[in-house]
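Below is one structure, written out as structure tokens; the observations come after it.
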Amino acid sequence: MGGAAGLHLRFLFGPPSGGLRFQGIQSPVHLHQGSPLRSLRHAESKRIMSTVAADDPRVAEDHDELYRVRHSLAHVLAQAVLEMRPGSTLGFGPPISDGFYYDFILTEALTEEDFPELEKRMKHIIKQGQKFEREELPREEAMRRLDEMQEPYKREYAEELFEKKGIERLTFYRNGPFLDMCEGPHVEQTRALPKGAFRLRSIAGAYWRGNSDNAMMTRIYAWAFLTKEELEAHVKAYKQALERDHKKLGRELDFFVIDDAIGKGLPLWLPNGTVIRDEIEKLMKELEFADGYQRVATPHLAKTELYHQTGHLPYYAEGMYPFMELKDHGGAEGDEVRETYVLKPMNCPHHHRIFASRLRSYRDLPIRLAEYGQVYRYEDSGALSGLLRVRGMCMNDAHIYCTEDQIKDEFLKVMTMHEDLYRILGLRDYYLRFSTWDPDDPKGKNKYVDNPAAWESTQKHVYEAMVESGIPFTEGKGEAAFYGPKIDVQFKTVTGREETASTNQLDFAVPARLGLVYRDADNSETHPYCIHRAPAGTHERFVAFLIEHFGGAFPTWLAPVQVRVLAVSDVFLDYADALVARLRKNFVRAEVDRSGETVGKMIRNATTHKIPNIVVVGEREKRDGTVTLRRYGSRDQVALRLDEFEEDLLRRIRERSLDRVDWDH
RNA sequence: GCCCACGUAGCUCAGUCGGUAGAGCACUUGCAUGGUAAGCAAGCGGUCAGCAGUUCGAAUCUGCUCGUGGGCUCCA
């Protein structure tokens, strides 16, 4: 997987600028909430949805009250900050999904310890009942005003608005002593702002306009709602969500560790976490087998030269681990470098070489090569986060080589596979984004392969496949990979951060660049199209999503330990052992608790480890040939005959049943 | 990479004014043989992330390094 250009390789983990790493974003469209995917197949949504999300605060209800409150509070915060740090300059201060933020260049640092005083000052400002007064100025006056205000960043943006967006007049808002260039709207006056319904949340660095070439500003985030109750409910929900954090659960439930002795961003999968990975891989292999994929296996290394041929180097070198230089003799100083190798940051070049390993006929196509290949990317250290953003990862990868006529059907099958995978796992809170070419993009030919005809045709095929799939999607114009359109699947983490789970790209350029051909019906040599696809993204990130989705309480088929058997006394351990042996013959991950603790304690331990099936055996069970079953999340105990217990258990595993409902959220 | 915060036992955390380290859980052992979320007791466990400095004396103060977390256009 991955793309054929450095920039786009990184798209599985978000664009290089980090533009997708929003804090607290709501999914633009909660497309799949509350309804099974299947029912969406024929939904009325067979059209491209609006590019701007429905609950995006910028457009919601044409700037509703909440938007005005948040926007106005941002001004109040800025006023308070300027009181405490006179002479500081302003950046942006927009409403966001759960509050607002404001960016500053501060004359002297503020920390979260200053929050109480800032909040106090904000409340004081609110009490003053300052009126928000709107003023529109034509270009020259506006620019003069900004010069007087000594706000260089606002000024820079104003220039851009006049130049590029072609606006005529610039809007300013004044409340009390505070003046800001701002399009509004705002509340009438500060007393209209609900007291006690906002809370300063955190302080963070943020580059001006998100570009690391620009100045580093100080960003203050705040939560804000219309009522105190809403704020408190939000904060409470946020804290509860932190309990599901995959990093926390990963430690508590022994899923993975990241050990500095190995290296940052290089997770070690513990036995429990490996089970989940393996189960996802098994599932994917089944789905792929059904769709005619063939499995391949390729090494972690390749000669650097290969990446020169694909066009990744030297452009993408920064995203890769440093090259390994093989020298003559013992590699002593001064020995000539014979060849260099790289740790692969993607699998596609290897798969392309497999395609090239023999002469291909049009009759062979489509060829679908699948591999869960381990890749390594040298991500910025500050970007690393648990399993969500790592430097060593396993791609849920496959490359489909096909003719133009096959694109639509193949893409449709790929999207259907996504649907199947997510439905099986009960994942609903995601949306799809169709990223297209922007022929008018000023960066033009540097950003996209210069082949308008290919763009038009491939986008049409992908679009038609999406429409036919019936899966709703949004469009991101100008966000395509440089070699073709793509469909990304966006998920939200428990803390509200949005991440790309899967990226699926249509590549009409790189196979040609590598000289891949097949013999066509007319005996000519033709370049294949290539679809890069990864329904489960990387196994690291995907398992992280699943941990958070299930809150660590996995359904039986996914659970690291599927059944734990407790004997009420050591006397009945033989019965417990026999039961476990019987289950393990059927590949059930069952084990006996031999801790010798009290039953209450063993129940507690199994429960805190979120084991889905707890079986208690004692005299009654041994005598009657039964078990007493207690399912995770339930206090009920059910007595079952051994064979009916086993049959039900095996069925749930076989059917990949989501056998619990209380984690529905 | 950059900004901010944080780093004490395997985990979660306490540690006052700078005076040489503590709890609960986990683990080990012993007792208890217990019927659905913690039986009782003892023990083991720390280079207070690392290095350097200030000091008679540093977990505590300062600097650097390493690591972790949050954030780095939701664009006036």
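A note on names: the letters A, B, ... follow the listed sequences, proteins ahead of strands, and every chain is numbered from 1.
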Whom does [N] pair with, Watson-Crick or G-U wobble, provided both distances fall under 3.5 Å?
{"N": "B:A58", "value": "none"}
{"N": "B:C51", "value": "B:G63"}
{"N": "B:A5", "value": "B:U68"}
{"N": "B:G43", "value": "B:C27"}
{"N": "B:U36", "value": "none"}
{"N": "B:A21", "value": "none"}

Could you tell me whether [X] contacts a base, only the sugar-phosphate backbone, or nothing, with contacts defined as non-hydrogen atoms closer than 4.0 Å?
{"X": "A:G600", "value": "sugar-phosphate"}
{"X": "A:E619", "value": "base"}
{"X": "A:E160", "value": "base"}
{"X": "A:G93", "value": "nothing"}
{"X": "A:S385", "value": "sugar-phosphate"}

State whether the side chain of [X] and the backbone N or O of [Y] hold a donor-acceptor pair below 3.5 Å, judged by distance alone.
{"X": "A:R564", "Y": "A:T607", "answer": "no"}
{"X": "A:D245", "Y": "A:K247", "answer": "yes"}
{"X": "A:R541", "Y": "A:T500", "answer": "yes"}

Any [X] side-chain nitrogen or oxygen under 4.0 Å from OP1 or OP2 of [N]:
{"X": "A:K247", "N": "B:C11", "result": "no"}
{"X": "A:T598", "N": "B:G39", "result": "yes"}
{"X": "A:S212", "N": "B:G1", "result": "no"}
{"X": "A:K601", "N": "B:A26", "result": "yes"}
{"X": "A:R209", "N": "B:C72", "result": "no"}
{"X": "A:R620", "N": "B:G35", "result": "no"}

Could you please name the option among [options] that lies closest to any side-chain atom of [X]?
{"X": "A:S569", "options": "B:U68, B:U33, B:U36", "answer": "B:U33"}
{"X": "A:R391", "options": "B:A37, B:G70, B:G1", "answer": "B:G1"}
{"X": "A:M216", "options": "B:A37, B:A5, B:C2", "answer": "B:C2"}
{"X": "A:T111", "options": "B:A5, B:G35, B:U33", "answer": "B:A5"}
{"X": "A:R497", "options": "B:G70, B:G39, B:U68", "answer": "B:G70"}
{"X": "A:V599", "options": "B:U36, B:C4, B:G70", "answer": "B:U36"}
{"X": "A:I203", "options": "B:C4, B:A37, B:G1", "answer": "B:C4"}
{"X": "A:V616", "options": "B:U36, B:C11, B:C72", "answer": "B:U36"}

Could you state the [atom1]-[atom2] distance from [X] to [N], rounded to the nearest angstrom?
{"X": "A:I258", "N": "B:G69", "atom1": "CD1", "atom2": "P", "answer": "7 Å"}
{"X": "A:R564", "N": "B:U36", "atom1": "CZ", "atom2": "P", "answer": "18 Å"}
{"X": "A:L266", "N": "B:G67", "atom1": "CG", "atom2": "C1'", "answer": "14 Å"}
{"X": "A:R251", "N": "B:G69", "atom1": "CZ", "atom2": "P", "answer": "9 Å"}
{"X": "A:F115", "N": "B:A5", "atom1": "CZ", "atom2": "C1'", "answer": "11 Å"}
{"X": "A:L200", "N": "B:A5", "atom1": "CG", "atom2": "P", "answer": "16 Å"}
{"X": "A:R604", "N": "B:G35", "atom1": "CZ", "atom2": "P", "answer": "19 Å"}
{"X": "A:E112", "N": "B:C3", "atom1": "CD", "atom2": "C1'", "answer": "12 Å"}

Distance, [atom1] atom - from [M] to [N], rounded to whole angstrom:
{"N": "B:G57", "M": "B:C61", "atom1": "C1'", "result": "13 Å"}
{"N": "B:A23", "M": "B:A42", "atom1": "P", "result": "11 Å"}
{"N": "B:C40", "M": "B:C25", "atom1": "P", "result": "9 Å"}
{"N": "B:A49", "M": "B:U60", "atom1": "P", "result": "8 Å"}
{"N": "B:G7", "M": "B:C13", "atom1": "P", "result": "11 Å"}
{"N": "B:A21", "M": "B:C48", "atom1": "P", "result": "10 Å"}
{"N": "B:C44", "M": "B:C27", "atom1": "C1'", "result": "8 Å"}
{"N": "B:A14", "M": "B:A59", "atom1": "C1'", "result": "12 Å"}

So, are [X] and [Y] salt-bridged, with charged N and O less than 4.0 Å apart?
{"X": "A:R145", "Y": "A:E135", "answer": "yes"}
{"X": "A:R139", "Y": "A:E163", "answer": "yes"}
{"X": "A:E119", "Y": "A:R199", "answer": "no"}
{"X": "A:D147", "Y": "A:R155", "answer": "yes"}

Exercise. With nearest nucleotides of RNA chain B determined for A:R630 and A:T218 from heavy-atom distances, which residue corresponds to the more 5′ nucleotide?
Worked result: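 It is A:T218 whose nearest nucleotide is closer to the 5' end.
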For this session: Could you say whether A:D260 or A:L170 is positioned toward the 5' end of RNA chain B, judged by the nucleotide with the nearest heavy atom to each?
Result: A:D260
Problem set entry | B:G35 base / A:E621 side chain donor-acceptor hit below 3.5 Å | yes
Exercise. Per the atom types in the model, does the base of B:G1 pair as donor or acceptor with the side chain of A:Y207 at under 3.5 Å?
Worked result: yes
Problem set entry | Non-hydrogen atoms of A:A109 and A:D114 that approach each other most closely |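 Minimum heavy-atom separation between A:A109 and A:D114: O-OD2, 4.4 Å.
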Exercise. Under 6.0 Å between ring centres, would you say that holds for A:Y102 and A:F100?
Worked result: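 No, the ring centres sit 6.0 Å or more apart.
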